[in-house]
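Accompanying notes for the structure given below.
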Amino acid sequence: MLNLRSSSASFGGTTEFYSHNSNCCNSEMNFSVYIPPQAKTQPVPVLYFLSGLTCTDENFMAKAGAQRIAADLGIMLVAPDTSPRGNGIPDEPDQWDFGIGASFYVDALLEPWRSHYQMYTYITHELPQLIADSFPVLKSDKGEPIQSICGHSMGGHGALVCALRSPNQYRSVSSFAPIGSPSQCAWGEKAFSGYLGDDRNLWSNYDATELVRHTTHPNPILIDQGMKDRFLDTQLKPAFFEAACQASGQQLVLRRQLNYDHSYYFIASFIEDHLNHHHRFLG
């Protein structure tokens, strides 16, 4: 059952914030949705946006400036929270890059995380089904939701992984400054060892650079990367993913943007390009 937390008119549509009880995460989960004006008379396609470390379901809707463009294009936007939250949810409160707000969109294998941090299943199965059942979502002839996925930083990693593991589920994928090879950076090594254990073979299931060596997405992947991003060389390492795409034949448009950093100012500067990219394939 959905609990509407707030609703505000926006560019002829509405920006809404919800909570609901998640079966796979065994907790209450939050998400936000922008419903474009076209949805008043017809079903519309969906773009999921996965946010980065420390973010919530509010950051993208409040800071990216995406609603105006989504209203013009007739695209519903859905931004899930970055982890379970609330009483009884395990956390490392002194570590901003692990625990609450830092799920890395994986299905955790180790306790205490396993009981709640089933974020991959939540993003790819439970939430899309909930959205399709509760909102006017455009569906294919087979009854499947017509959807795409995008993300930033940790969420950029999540978007790439979801699209590469389920290429037929998402019409298109794009990312802003993704953690493209988490098995080869401190953020990813910390998260993967904590959630998944020490077996690096299991890590490869959530590493876009490893995945794209064996599976590709049928449409081009769009990535924007700011060249003044302070995490560029230490955590993001886009060249690793770029090289793997070249080796596998995956179509990739990697745009290196001079003078841009890791912030939402960067995202807001190029969000229109990303929504137009997805609109090409969402139809």
Side-chain angles (χ1 to χ4, degrees), residues 49-56 59-60 63-64 81-83 91-106 108 113 117 119-120 123 149-165 173-198 200 202-213 221-246 250 252-270 274:
F49 187 91
L50 307 185
S51 293
L53 288 165
T54 74
C55 290
T56 70
N59 296 74
F60 174 72
K63 297 180 179 182
D81 204 347
T82 50
S83 76
D91 188 24
E92 295 290 346
D94 59 338
Q95 301 180 43
W96 60 272
D97 55 353
F98 189 73
I100 288 177
S103 72
F104 271 76
Y105 302 102
V106 305
W113 317 103
Y117 285 67
M119 287 296 290
Y120 178 78
I123 294 298
I149 194 164
C150 180
H152 171 230
S153 194
M154 177 186 73
H157 136 77
L160 293 174
V161 167
C162 290
L164 289 170
R165 288 183 59 167
V173 57
S174 72
S175 290
F176 293 89
I179 305 171
S181 185
S183 298
Q184 302 183 72
C185 74
W187 283 345
E189 289 178 339
K190 179 178 181 178
F192 285 2
S193 61
Y195 296 134
L196 304 175
D198 296 330
R200 285 180 172 261
L202 297 175
W203 296 11
S204 64
N205 292 323
Y206 298 102
D207 187 314
T209 294
E210 296 302 319
L211 288 169
V212 81
R213 300 185 199 278
I221 296 173
L222 172 63
I223 293 178
D224 274 305
Q225 174 61 62
M227 298 310 290
K228 285 193 174 180
D229 191 321
R230 63 192 177 105
F231 304 117
L232 176 61
D233 296 327
T234 56
Q235 306 289 355
L236 308 178
K237 304 180 179 182
F240 289 173
F241 183 68
E242 182 180 38
C245 286
Q246 290 174 346
Q250 171 65 56
L252 172 67
V253 179
L254 173 55
R255 308 193 306 184
R256 292 173 167 86
Q257 304 290 2
L258 299 177
N259 301 319
Y260 285 90
D261 58 18
H262 200 70
S263 70
Y264 266 86
Y265 298 112
F266 162 58
I267 295 173
S269 298
F270 301 104
H274 283 245

For the student: nearest non-hydrogen atoms of [X] and [Y], plus distance:
X: Asp198; Y: Ser193; value: OD1-CB, 4.1 Å
X: Val212; Y: Ala244; value: CG1-CB, 3.4 Å
X: Thr234; Y: Cys185; value: O-CB, 3.7 Å
X: Met154; Y: Phe104; value: SD-N, 3.3 Å
X: Ala102; Y: Tyr195; value: O-OH, 2.8 Å
X: His152; Y: Ala177; value: CD2-CB, 4.4 Å

Subject >> Salt bridge present between Glu92 and Lys190 (N-O < 4.0 angstrom) >> reply: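 Salt bridge between Glu92 and Lys190, a charged N being under 4.0 Å from a carboxylate O: no.
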Subject >> Lys/Arg-Asp/Glu bridge criterion (N-O < 4.0 Å) met for Arg255, Asp224 >> reply: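 The answer is yes: the pair qualifies as a salt bridge.
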Counting N and O atoms only, with roles assigned by atom type, does the side chain of [X] sit under 3.5 Å from a partner on the main chain of [Y], one being a donor and the other an acceptor?
X: His157; Y: Gly151; answer: no
X: Trp203; Y: Gly197; answer: yes
X: Lys237; Y: Ser181; answer: no
X: Ser153; Y: Gly155; answer: no
X: Ser103; Y: Thr82; answer: yes
X: Asp91; Y: Ile100; answer: yes
X: Ser174; Y: Cys150; answer: no

To the nearest 0.5 angstrom, please state how far the [atom1] atom of [X] sits from the [atom2] atom of [Y].
X: Phe60; Y: Phe176; atom1: CZ; atom2: CZ; value: 7.5 Å
X: Ile123; Y: Leu50; atom1: CD1; atom2: CG; value: 5.0 Å
X: Phe266; Y: Gln257; atom1: CZ; atom2: CD; value: 6.5 Å
X: Asp261; Y: Lys228; atom1: CG; atom2: NZ; value: 9.5 Å
X: Leu252; Y: Ile223; atom1: CG; atom2: CD1; value: 5.0 Å
X: Leu53; Y: Phe231; atom1: CG; atom2: CZ; value: 8.5 Å

Original post:
Cation over ring, Arg165 on Tyr206, under 6.0 Å and within 45°?
Top reply: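 Judged by the rule, Arg165 and Tyr206 form a cation-pi pair.
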Within a strict 4.5 Å, meaning less than it, do heavy atoms of the [X] and [Y] side chains meet?
X: Trp187; Y: Pro182; answer: no
X: Arg256; Y: Glu242; answer: yes
X: Cys162; Y: Tyr105; answer: no
X: Pro178; Y: Phe241; answer: no
X: Leu222; Y: His274; answer: yes
X: Asn205; Y: Tyr120; answer: no

Original post:
In terms of the angle between their ring planes, are Tyr260 and Phe270 parallel, tilted or perpendicular, with boundaries placed at 30° and 60°?
Top reply: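 Aromatic pair Tyr260/Phe270 classed perpendicular.
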**OP:** Assess whether atom CZ of Arg230 is packed by more than 12 heavy atoms of other residues, nucleotides or ligands within 6.0 Å.
**Re:**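 Counting neighbours around CZ of Arg230, 12 or fewer heavy atoms of other residues, nucleotides or ligands fall under 6.0 Å, so no.
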Subject >> Donor on one side chain, acceptor on other, Asn59 and Ser51, under 3.5 Å >> reply: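 Side chains of Asn59 and Ser51: no pair found under 3.5 Å.
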**OP:** Tell me, with the steps shown, if Leu232 and Met227 meet side-chain contact (heavy atoms from CB on, under 4.5 Å).
**Re:** CA-CA 7 Å; Leu232 176 61; Met227 298 310 290; 3.8 Å; yes
